[in-house]
S.K.: 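Next up is a structure, given as structure tokens.
Remember, predicted model here, so these are calculated numbers, not experimental data. All residue numbers in this chain count up from 1 along the given sequence.
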Amino acid sequence: MQQENILPIGSSYDLSALASDLRRIGRHKPLVATIDRAFSTNSAFQDLKQARDALVLLKRVTSTDDWKQPFSTDEAGTLAGSLFDTAIILYARATETKPVGRQPWFGTGKLDADQRVLHSSVMWIRNKELAHFGSGRPIDGTPMIEEAIALFNHGTKIGVAYRASRSRNRGQFAKDFSILVGTVTDLAETASKQRLEDAHRELGLAVAADPSLIKKIRTFPLSSRLSFTDPLLAASPENADGFRAYGETTINKIILKSV
């Protein structure tokens with residue numbers, strides 16, 4: 001059956017929504033499973049690409065002091081820390097954090113011994129220092145967080161104060177982490193392409209066995225927000241007291257000839 005019989009020129013359909021409906025009615029289980037795997041792997045791949053981009057930008061903004069000029073010391077630290085934290089959280093979400101709505105795809109067996117140690121350190125930071133308050137295990141020789149209530153005597157003043165040292169990122173750790181993220185992103189890219197090909201093949205088998213599936217597919221048009229345009233980062237026209245929403249449309253695709 002030719003692809004154009006299912007997809008009129010200019011049309012696109014939501015196979016994830018189709019899978020949800022087929023799961024509900026208990027039909028085409030192999031197709032549902034294959035679509036779910038394709039969704040989960042590609043979604044994780046997107047997280048990893050964004051983690052990689054955050055680390056690239058972190059290197060760019062911390063490789064020179066010039067970038068700090070428009071910002072106060074606290075603001076510069078917040079910006080650098082936000083990029084570091086974003087990379088940690090997205091990497092963890094893609095690889096180890098128990099997913100909601102998508103299946104796990106990654107195992108640390110894909111990494112060498114040194115990478116597994118680094119992966120463990122990344123997860124420690126995510127679990128103990130970002131998502132929850134932690135004790136600040138040393139990273140690159142010193143803790144990310146040290147704080148205490150201190151008694152001080154400055155000669156003219158004796159008092160009690162709260163003191164804190166909070167590192168927003170670590171140079172060597174960030175460098176090593178960026179290499180790890182690159183490795184895992186490459187693994188995810190390979191897996192995501194394979195899962196898309198698997199979904200395409202299984203869809204062909206399902207349609208061949210049940211031609212009525214074509215009609216059902218056409219009841220799930222793709223959201224206009226997911227349209228097949230070039231990846232785009234755009235600001236929304238809304239402005240809530242200076243806050244504007246930014247979003248992007250990203251496409252991971254394989255070229256299909258027939259179904």
Side-chain angles (χ1 to χ4, degrees), residues 16 33-63 79-132 134 137-141 144 167-200 226 231 233 246-255:
S16 294
T34 307
I35 292 172
D36 285 347
R37 285 193 294 270
F39 170 84
S40 297
T41 308
N42 278 269
S43 181
F45 177 39
Q46 182 62 20
D47 281 348
L48 288 163
K49 287 194 295 183
Q50 291 181 330
R52 182 186 60 194
D53 289 347
L55 289 167
V56 169
L57 185 55
L58 177 63
K59 179 181 179 180
R60 184 170 136 198
V61 302
T62 58
S63 61
L79 178 57
S82 296
L83 292 168
F84 183 77
D85 294 353
T86 294
I88 293 281
I89 290 168
L90 287 173
Y91 175 83
R93 189 169 78 181
T95 60
E96 191 162 318
T97 305
K98 184 177 180 180
V100 177
R102 71 186 188 195
Q103 302 171 356
W105 72 279
F106 176 79
T108 55
K110 300 175 186 289
L111 304 177
D112 64 31
D114 290 341
Q115 289 173 327
R116 287 195 292 272
V117 171
L118 181 56
H119 174 87
S120 178
S121 295
V122 171
M123 294 310 301
W124 171 271
I125 293 174
R126 184 268 176 199
N127 293 332
K128 301 300 184 181
E129 298 193 5
L130 295 184
H132 307 282
R137 187 170 74 175
I139 300 293
D140 286 357
M144 295 285 286
S167 176
R168 300 312 303 265
N169 71 298
R170 283 279 192 264
Q172 185 61 48
F173 182 87
K175 177 183 176 181
D176 295 341
F177 180 39
S178 68
I179 295 172
L180 174 63
V181 170
T183 297
V184 178
T185 302
D186 289 344
L187 291 171
E189 181 175 17
T190 299
S192 66
K193 289 179 179 178
Q194 183 61 56
R195 298 297 179 267
L196 290 174
E197 291 172 0
D198 293 344
H200 175 224
L226 301 176
L233 178 67
Y246 279 77
E248 61 183 352
T249 299
T250 301
I251 302 169
N252 305 329
K253 63 182 178 181
I254 58 173
I255 304 301

S.K.: Roughly how far, to the nearest 0.5 Å, is the CG atom of Leu118 from the CG atom of Leu180?
M.R.: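 Reported to 0.5 Å precision, the distance equals 5.0 Å.
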S.K.: Quick one: do Asn42 and Gln46 satisfy side chain to side chain donor-acceptor pair (under 3.5 Å)? Show the steps, please.
M.R.: CA-CA 6 Å; Asn42 278 269; Gln46 182 62 20; over 6 Å; no
S.K.: Any side-chain to backbone donor/acceptor pair from Ser40 onto Arg37? Under 3.5 Å, distance only.
M.R.: no
S.K.: Please identify each residue that fulfils salt bridge (Lys or Arg N to Asp or Glu O under 4.0 Å) with Asp47, with sequence neighbours left out.
M.R.: Arg93, Arg102
S.K.: Any chance you could measure Asp186, atom CG, to Phe45, atom CZ, to the nearest 0.5 Å?
M.R.: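 Reported to 0.5 Å precision, the distance equals 8.0 Å.
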S.K.: How close do Leu55 and Ala87 get, counting heavy atoms only, and between which atoms?
M.R.: CG-CB, 3.6 Å
S.K.: Using the side-chain contact (heavy atoms from CB on, under 4.5 Å) criterion, which residues pair with Thr86? Sequence neighbours excluded.
M.R.: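 By the side-chain contact (heavy atoms from CB on, under 4.5 Å) rule, Thr86 matches Ala54, Leu90.
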S.K.: Which residue pairs satisfy the salt bridge (Lys or Arg N to Asp or Glu O under 4.0 Å) criterion with at least one member in residues 115-124, sequence neighbours excluded?
M.R.: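 Sorted pair list comes back empty.
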S.K.: List in chain and number order the residues that pass side-chain contact (heavy atoms from CB on, under 4.5 Å) with Ile179, two or more places apart in sequence or in another chain; answer none if no residue qualifies.
M.R.: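 Per chain and number, Ile179 pairs via side-chain contact (heavy atoms from CB on, under 4.5 Å) with no residue.
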S.K.: State, without any angle test, whether Asp198 and Gln194 hold a side-chain donor-acceptor pair at a distance under 3.5 Å.
M.R.: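 Their side chains do contain a donor-acceptor pair, which is all the 3.5 Å distance test asks for.
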S.K.: For Tyr91, which residues count as a ring-ring contact (aromatic ring centres under 6.0 Å, His included) partner, sequence neighbours excluded?
M.R.: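 So Tyr91 forms a ring-ring contact (aromatic ring centres under 6.0 Å, His included) with His119, Phe177.
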S.K.: Could you tell me whether a side-chain N or O of Ser192 sits under 3.5 Å from a main-chain N or O of Glu189, the two making a donor and an acceptor?
M.R.: yes
S.K.: If I take atom CD from residue Glu96 and atom CG from residue Asn127, how far apart are they, to the nearest 0.5 angstrom?
M.R.: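 It comes to 7.5 Å.
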S.K.: Could you tell me which non-hydrogen atom of Thr62 sits nearest to which non-hydrogen atom of Leu58, and how far apart they are?
M.R.: OG1-O, 2.7 Å
S.K.: Counting only pairs under 3.5 Å, give me each side-chain donor-acceptor contact of residues 104-113, with atom names and distances, residues two or more places apart or in other chains.
M.R.:
residue, atom, partner, partner atom, Å
Trp105, NE1, Ala94, O, 2.8
Asp112, OD1, Asp114, N, 3.2
Asp112, OD1, Gln115, N, 2.8

